[in-house]
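Quick notes on the structure that follows.
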Amino acid sequence: MTKRFFIQTWGCQMNDHDGEKLTGVMVQEGYVEVNSSKEADVVILNTCSIREKAVHKVFSELGRLKKEKLQRPLTIGVTGCLAQQEQSHLFTRAPQIDFVLGTMALEKLPHILSQAQIKGEKGIDVEHYPDNHLFPTEIAKRKPTAKALVTIIEGCNHACTYCIVPRTRGIERSRPYQSIIDEVIRLIDQGYREIELLGQNVNSYAGGCNFTELLRRVSALKGLEWLRFTTSHPMNFTKELAHEIVTNPRIAPFLHLPVQSGSNAVLKRMLREYTIEEYLERLDYLGSSRSSICLSTDFIVGFPGETESDFQQTLDLLDYVQFESSFSFIYSLRPGTAAVRLKDDLPAEVKQERLVRLQSRQAHWTLLDNQNMIGKVVDARIENPILNENGFWVGRMGSSKTLHLKEKVGYIPQMGELVSARITAASPHFLGAELV
Ligand code: SAH
Ligand code: SF4
Ligand code: F3S
């Protein structure tokens, strides 16, 4: 009888890619992937624990699966960052779970699964396998997307006081560059034209060359059109890297450089290792080419002890740099992190109100930038060749901006195709465009 599985993934792109690796392992074990938990014999929740909300989503799904399990045989597994963080405590909190697999143990899935299914025992492997970054990626089963994700470094050696990631992903391990090159060549052969290199901190890459050199080597591969990477820590952002980004035409003109706060007092408590002056100095490395790069960042609001004046400095920084885009979050206490010891007495309404102010200020700058694009002709990659509910094809520019392309009668775009488009309309979230 066919054995069927379903994986639900939350979190960052690295976790998405881990989901693709787990899918590959399951397919190798003879399982067939299905599109919903209802049709599956094995359900894997590939989790994120970056903020409390992400964890809530997992427990709410576990609650739903518990009911399904009462009606039919079902094996439930938890993988990803919550699995690594909570380990066997998960069995106590949710006894319907059959196995727990940490972020460094993906290759152990068949063993753990058979322990849970054949022996009927709870399966767990949350060991730190220091060479898990050597996972045989040829077995990963990628989603049919326009760009392929490639992990180059796992773990994080920084120690931001709010962040759970060093605990869930371990210390930095860089994949040897030749293995990355071999994988990208294979992906280009399979038809991918865009690659995104992944790591918690890509610019501390050290797998036989530095990150700038890796970008040079990968971008030189024949057939590759755009190379992207995420995420960068400002303290590992060098002049050499900035120069490569602005001069190499195959590196997509986009840089995500998380700043977190505009206040030096808050940055210090976050242990971000830089001051705002040092952050701005790093941006200056981009020189006059800064204007041709889409600059994006992350902000945390309501960090313990953040005063109105600290928050105002964050708004001032946003107005000064005029980031083209940003992701902003209300601080969420993570168990076991150093920030737990800081007094957090800011009322929830104040945090919420600051988030709204920050996001509306960002919408202002993004809209302005988008409006300046109207009339321009740009390259964009088709990310969904099927018309969306409003009758548009979705494309993405090198700068990462989303395009809603008007249908052209008689034209059938291909997934991942690079097209030329004229920008016709702007909103804070996407650009309207037509094919030229
Ligand atoms: N490695 C990346 C960050 C990954 S987490 C880096 O250092 O840039 C992505 C973002 O989530 C962070 O940049 C931060 O803005 C946010 N974040 C992390 N921990 C958080 C927490 N405890 N509460 C709220 N936001 C958090
Ligand atoms: Fe977390 Fe800081 Fe490491 Fe990013 S650099 S993953 S925010 S500890
Ligand atoms: Fe979440 Fe882990 Fe990624 S906590 S953001 S899935 S590294």
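All ligand and atom numbering here is 1-based and tracks the order in the structure.
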Here the atoms of ligand 1 under 4.0 Å from any heavy atom belonging to Arg272 are 7 (O)
Met14 near ligand 3 by a heavy-atom separation under 4.0 Å: no
Go through the side-chain N and O atoms of Gln85 and Ser49 and say whether any donor and acceptor fall under 3.5 Å apart. yes
Discussion item. Under a 3.5 Å cutoff, is there a donor and acceptor pairing between the side chains of Gln13 and Thr230?
Written reply: no
**Prompt:** If only atom types and distance count, is the side chain of Gln96 paired as donor or acceptor with the main-chain N or O of Leu65 below 3.5 Å?
**Reply:** no
Notebook entry, point to check: Just checking, is any N or O donor in the side chain of Asn264 or Gln313 under 3.5 Å from an acceptor N or O on the other one?
Noted result: no
A student checking ligand 3 against Gln200 at a 4.0 Å heavy-atom cut-off should list atoms 7 (S)
Checklist entry - Side chains of Ser328 and Gln362: donor-acceptor distance under 3.5 Å anywhere? => result no
Logged contact type for His256 with ligand 1, heavy-atom cut-off 4.0 Å, is neither
Review point. Non-hydrogen atoms of Asn201 versus ligand 1: any pair closer than 4.0 Å?
Key: no
Ranked by distance from atom 7 (S) of ligand 3, the top protein heavy atom is Arg169 NE, 3.5 Å
### Message
Phe254 vs Arg228, test: side-chain contact (heavy atoms from CB on, under 4.5 Å). Steps then yes/no.
### Response
CA-CA 8 Å; Phe254 173 78; Arg228 301 182 185 277; 4.2 Å; yes
The closest protein heavy-atom partner of atom 9 (C) of ligand 1 is Asp298 OD2, 3.8 Å
Quiz item: For Arg169 and Asn132, does a side-chain donor sit closer than 3.5 Å to a side-chain acceptor?
Solution: no
heavy-atom search around atom 7 (S) of ligand 2 in the protein gives Tyr162 OH, 3.4 Å
the protein heavy atom lying closest to atom 6 (C) of ligand 1 turns out to be Thr231 CG2, 3.8 Å
Within the 4.0 Å heavy-atom cut-off, what Leu333 brings close to ligand 1 is neither
Note: His233, heavy atoms under 4.0 Å from ligand 1, region reported as neither
Check the side chains of Asn46 and Asp18 for a donor-acceptor pair under 3.5 angstrom, ignoring hydrogens and angles. no
**Request:** Could you tell me how the ring of Tyr279 sits relative to the ring of Tyr274: parallel (under 30°), tilted (30 to 60°) or perpendicular (over 60°)?
**Result:** tilted
One finds that the ligand 1 atoms under 4.0 Å from a non-hydrogen atom of Gln260 are 12 (C), 13 (O), 14 (C), 15 (O)
Within 4.0 Å of some non-hydrogen atom of Tyr331, the atoms of ligand 1 are 23 (N), 24 (C)
- [ ] For Thr307 and Asp310, test the side chains for any donor-to-acceptor distance below 3.5 angstrom and give the result as yes or no.
- [x] yes
Partner of Glu225 under salt bridge (charged side-chain N to carboxylate O under 4.0 Å, His left out), picked from Lys147, Arg381, Arg250, is Arg381
inquiry  = Under 3.5 Å, is there a donor on one side chain and an acceptor on the other for His243 and Glu240?
reply    = no
Any heavy atom of Ser332 under 4.0 Å from ligand 1? The part involved is both
When distances are taken from atom 1 (N) of ligand 1, the protein heavy atom at minimum range is Gln200 O, 2.8 Å
Quick one about Arg272 and Ser261 (side-chain donor to acceptor, distance below 3.5 Å, no hydrogens or angles considered), yes or no? no
Show, in sequence, the C-alpha distance, side-chain angles and deciding distance for Trp10 and Leu82, and conclude whether the side-chain contact (heavy atoms from CB on, under 4.5 Å) test is met. CA-CA 10 Å; Trp10 290 272; Leu82 185 64; over 6 Å; no
Atoms listed for atom 1 (Fe) of ligand 3 (protein only, N, O or S, under 2.8 Å, no waters) are Cys48 SG
Going through the distances and angles, do Glu127 and Lys108 end up as a salt bridge (Lys or Arg N to Asp or Glu O under 4.0 Å)? CA-CA 10 Å; Glu127 289 298 306; Lys108 306 288 189 265; over 6 Å; no
If you count every protein N, O or S atom closer than 2.8 Å to atom 2 (Fe) of ligand 2, you should arrive at 1
The atoms of ligand 1 lying under 4.0 Å from a heavy atom of Arg334, numbered in the order shown, are 22 (N)
Counting from 1 in the order shown, the ligand 1 atoms closer than 4.0 Å to a non-hydrogen atom of Arg51 are 11 (O), 16 (C), 17 (N), 23 (N), 24 (C), 25 (N), 26 (C)
In ligand 1, the atoms that come under 4.0 Å of a heavy atom of Pro258 are 8 (O)
Arg357 and Glu353: CA distance, side-chain angles, deciding distance, salt bridge (Lys or Arg N to Asp or Glu O under 4.0 Å) verdict:
CA-CA 6 Å; Arg357 266 153 79 200; Glu353 184 261 342; 3.0 Å; yes
**Request:** Quick one: do Thr151 and Phe135 satisfy side-chain contact (heavy atoms from CB on, under 4.5 Å)? Show the steps, please.
**Result:** CA-CA 10 Å; Thr151 296; Phe135 183 95; over 6 Å; no
**Verify atom 14 (C) of ligand 1: protein non-hydrogen atom under 4.0 angstrom away** = yes
If you scan protein heavy atoms around atom 19 (N) of ligand 1, the nearest is Tyr162 CD1, 3.3 Å
Measure the acute angle between the ring planes of Phe303 and Tyr331, then classify it against the limits of 30° and 60° as parallel, tilted or perpendicular.
perpendicular
Do His429 and Asn370 have side-chain N/O donor and acceptor atoms under 3.5 Å apart?
-> no
Protein heavy atoms near atom 4 (C) of ligand 1, is at least one of them under 4.0 angstrom away?
no
Counting heavy atoms under 4.0 Å, the part of Phe329 that contacts ligand 1 is side chain
Quiz item: Side chains of Tyr162 and Gln260: do they bring a donor and an acceptor to under 3.5 Å?
Solution: yes
